[in-house]
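Note that the coordinates shown come from a computational prediction; the quantities given were computed from them, not determined experimentally. Lettering of chains follows the sequences in order, A, B, ..., and the numbering in each one begins at 1.
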Amino acid sequence: MPILSLIIFAPLLGALGIAFLPSSRPSLIRFAALGVSLVTFALSLGMLLGIRGQSGEFAFSEQLSWIPSFGITYHLGVDGLSGALVVLTTLLSWICILASFGPIQTRVKEYFISFLILETGMLGVFLSLDLFLFYIFWEIVLVPMYLIIGIWGGADRIYATIKFVLYTLVGSLLMLVAILATAFSHQAATGSWTGAFDLLALRGTITDPTLQILGFAAFALAFAIKVPMFPFHTWLPDAHVQAPTAGSVILAGVLLKLGGYGFIRFAIPLFPDGAHLFAPLMIVLSVIAIIYGALVAIVQTDLKKLIAYSSVSHMGFVTLGIFTFNQQGVDGAILQMLNHGLITSGLFLLVGIGYERTHDREIAKMGGWAVRTPVYAALFGFFLFASVGLPGLSGFAGEFLVLLGAFIVNPMIAGASTFVMILAAVYLLYMYQRVFTGPLSPFLKSLGAKLTDVTPTEILTLAPLAALIVVFGVMPTLLTSSFAKSVETFLMSAISVVGQ
Amino acid sequence: MNNDLLTLAPLITVVVGAIAVLVSDMITPNRNHAPVAVALAALGATAALLINQGGSSASALGGSYVAGPFVAFIGLLGISIVAITLLIAPAYLAARKYPTAELSATLLFALAGAILLGAATDLVTLFVGLELMVIPGYVLAGYAKRDPLSTEGAVKYFLLGSFSSAILLFGIVVLWGVAGTASLSGIATALASGKANAGLAVALALITTGSAFKIAAVPFHYWTPDAYQGSPTPITGYLSVGPKVGAFVLLIKLFVIALAPLAALWIPVMVVLAAATMTLGNLVALTQSNVKRMLAYSSIAHTGYLMVGIVAAGAGEAAGIAGVLFYAAAYAFMNLGAFAFLTALQGRPGATTQLSDLAGLGRKHPRMAILAAIFLLSLTGIPPTAGFFAKTYVILAAVQAGGPATILAVIAVLNAAIAAFYYLRVIVYLFMRDPAEPAVQVAEGPMLRAGLLIAAIGTVALGLAPTPIIEAVIQALAK
């Protein structure tokens, strides 16, 4: 059974089905979308269980000829790394759809169709093993996200969404040139287009030093913009602030991971020499992102913007870990991706829940929120401590491993980055103190009875994330063992190929 | 002689069809649908004949007309372009009390020119084909004869068009003299063995200038925006696609075949022209608030992308020509689709095509807006649409060719990002703004709907399953 195709296209089929439902029945549409996303989630869990039983690097491989003139195939496969990210995607997708039930009241049908197409695009990126197919899914992700921010976003949504698309397009179009150059070099070397776009056939065969450097640069730019690494991060705060809650969650939870995943799956294994050449630069940029993101987060006055900048800082750990090229660093980077996906998604959900009641995110107007809504405050505190990196919650393990990996490369880098764990505590706790503790602020008081505590539905969206944060916090090896083989292969493929 | 007639059958059918349209209009005047029906029948017959000839390599007229897969491809593409135009134009023209018979006949004459252009193997036939294709264009540009804008555009188009034809013709004559033969392959052979001389330099300069006018490459593009904006919208759609495809066939024949030995000389010129064309076209398109004029400038940018393929072909990559042909097909469907959409918005005379007119259309007419979004995304080059694969194809050819072509490829993709800004801005108006007051009227009759649908199917199919067209293109070049 082609389970990977089923997982990718189940949301798309669901979106097609929803297109035929009457717009006049929004609740039917909502539950249909939820159903589709839950089915996809269940399928992905089934896939996860099956991965271990499969031999070989990639499980459930599917390969069909698509554009034979250029050796382009429909090639899918899953390993521990992509499997974990796929489940993260399907989990966050149904959570987001559930979390959109209340906030999205206009053009409900179009919203859920966009969201399900987005899910298909993201899953396709994680499961593609053909560069051309990967690129197509990579670009498909742009369109629904563009619509989600642009139609259902805040006041400045059009500026934000165009900025998001243009930033991403510039990077990805250069990546397209690099993909084509890589494919052609394969064709020139072997005399045939067979396998010219196939990741597995290309890995370790690109020995042209110029292509190694330029190819890596083009791929890295595309992924660096997506992660986003400093100095390409400026689209992120705008996009986050303007996006609807679910858009922010999926942006932070999955879209940023596409960049990190791209580095691990494509950029570095294809162009290891280019990667080693650029590694010092990438490490420096990562450290800048880690510190700069945290410093800027401290002075933010908008809750969502604060968390957006904290994302820049946290994602800096991912790229730092990847470019240490050692097991601790890469393990930590992947853990950090998954944990950031769980924790920051939770924080964005919580900010959204607060916004539903106050229609404001200005930190200065808040204060003493905990008095009125203790459960909300407690949940916020929980995710906040996870984000700070409290040992026992999942945020800690990833950052710790990355720092360990960085220490092996250069203690200075590790030292500089460690400071940020203090900075993270500063900006998050300082924010928490201003928003939740002390006497009730006049603004919150003026809302009166509208300032209700979290509803059971909202708890349902947060509970799975919280549970996983605890589980993976206590037993990070559950995760690291699941992608141990992927990391091993990655480290092997990151060895120089030029001049052998 | 008998064989000649058989070989020329598609060409003859088109011309007979055009005359039949005019005759039918004389018998039953002022009927809007009869001429279109006759023209569509002629198109169908021509298509059948072309497909039938697809495998042959029969020649006629003393070898200056060669049938085969290349003509079949160009002819079928031309037939699709004319057919879509004929489907979307009548309602628009009828609402403004312009006839459809003349349009149908003129388009068929232009198609005859395109077929001749595709089949030509010598300079004279090539030039005759070109003129036969572009002169109907001047007529069409001035089709709205009571509209001063249309007349102005037509006059500009005509003057610059004949001017450039003269330059081109002069260059062709000098080339003929230098090479001693009018045969395209003969010229290539003569040039490969002969030495460069002053006459050749003059010929090359004149031919390059004349061709650059024909494809509207920067800085020879000034006639385009006015001609395009002044013409009736469906005719603008045709003008932005049909003559452009024809002009690129001319480029393939002149530069890639006849002047191939001089590639080292014309490639640098073409690289600069291509880079300037796409960049300027896109930058000016950015500043337009009228969608029709924006599409006119963006068509200049698309000329630049097509030239990337010509550069790659000049550098010896067969994939370059294949890329140009694929791009031409993709561009035909997506751009005609975009113009069909604009035509639908201009059901009433006087309706404008300002960006603000499109506000909120996604809510009032979701199906129409979704089709428009597909065309715009394809023009942007977002997968899985025809425009994406077309761009990929020419870029792939350029990367294969290496050297300056690769730099051109990078410039092309950066340009695609600029283009994304203005194409997506239209989508912003369609879906993200509140409806305009008074809301724009959408007029879609069954014919317009069919035209839109054909364009949309072409745009999506060429993106999702490009293989049949790729194979047709490769087959068209294998001779």
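- For B/Leu464, the part lying under 4.5 angstrom from a heavy atom of chain A is the backbone only.
- For the set B/Thr392, B/Ile395, B/Val410, B/Leu414, the count of heavy-atom pairs under 4.5 angstrom toward chain A peaks at B/Thr392.
- Within the 4.5 angstrom heavy-atom criterion, atoms from both the backbone and the side chain of A/Trp66 approach chain B.
- To the nearest 0.5 Å, atoms CE (B/Met432) and OG1 (A/Thr161) are separated by 5.5 Å.
- Using a 4.5 Å cut-off between heavy atoms, A/Ile158 touches chain B through its side chain atoms alone.
- Of all non-hydrogen atoms in A/Glu139 and B/Ile382, the two that sit nearest each other are O-CG2, 4.3 Å.
- When heavy atoms are compared at a cutoff of 4.5 Å, A/Ile162 approaches chain B solely by way of its side chain, counted from C-beta outward.
- Residues B/Val428 and A/Tyr146 form a side-chain contact, since some pair of their non-hydrogen atoms from C-beta on lies under 4.5 Å apart.
- The distance from atom CD of B/Gln400 to atom CG of A/Leu180, rounded to the nearest 0.5 Å, is 9.0 Å.
- Contact annotation for B/Tyr393: only side-chain heavy atoms (C-beta onward) come within less than 4.5 Å of a heavy atom of chain A.
- Pairing each heavy atom of A/Val177 with each of B/Ala409, the nearest pair is CG2-O, 4.3 Å.
- For A/Ile136, the parts sitting under 4.5 Å from any heavy atom of chain B are the backbone and the side chain alike.
- Looking at A/Ile179, there are no atoms closer than 4.5 Å to chain B (heavy atoms on both sides), in backbone or side chain.
- Looking at B/Leu396, both its backbone and its side chain come within 4.5 Å of chain A, counting heavy atoms on both sides.
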Worked verdict on B/Phe431 versus A/Arg107 for side chain to side chain contact (heavy atoms under 4.5 Å, CB included): CA-CA 11 Å; B/Phe431 292 100; A/Arg107 303 163 90 178; 4.2 Å; yes

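- Neither the backbone nor the side chain of B/Ile418 has a heavy atom closer than 4.5 Å to any heavy atom of chain A.
- Smallest separation of non-hydrogen atoms from B/Ile470 and A/Ser69: CG2-OG, 3.4 Å.
- Closest non-hydrogen pair, B/Ala417 versus A/Val170, comes out as CB-CG2, 3.7 Å.
- With ring centers used as reference points, B/Phe388 lies under 6.0 Å from A/Phe132.
- In terms of heavy atoms, A/Leu173 sits closest to B/Ala416 at CD1-CB, 3.8 Å.
- Contact record, B/Val399 with A/Ala181: CG1-CA, 3.3 Å, taken as the closest heavy-atom pair.
- With rounding to the nearest 0.5 angstrom, the CG atom of B/Leu424 is 7.0 Å from the CG atom of A/Leu169.
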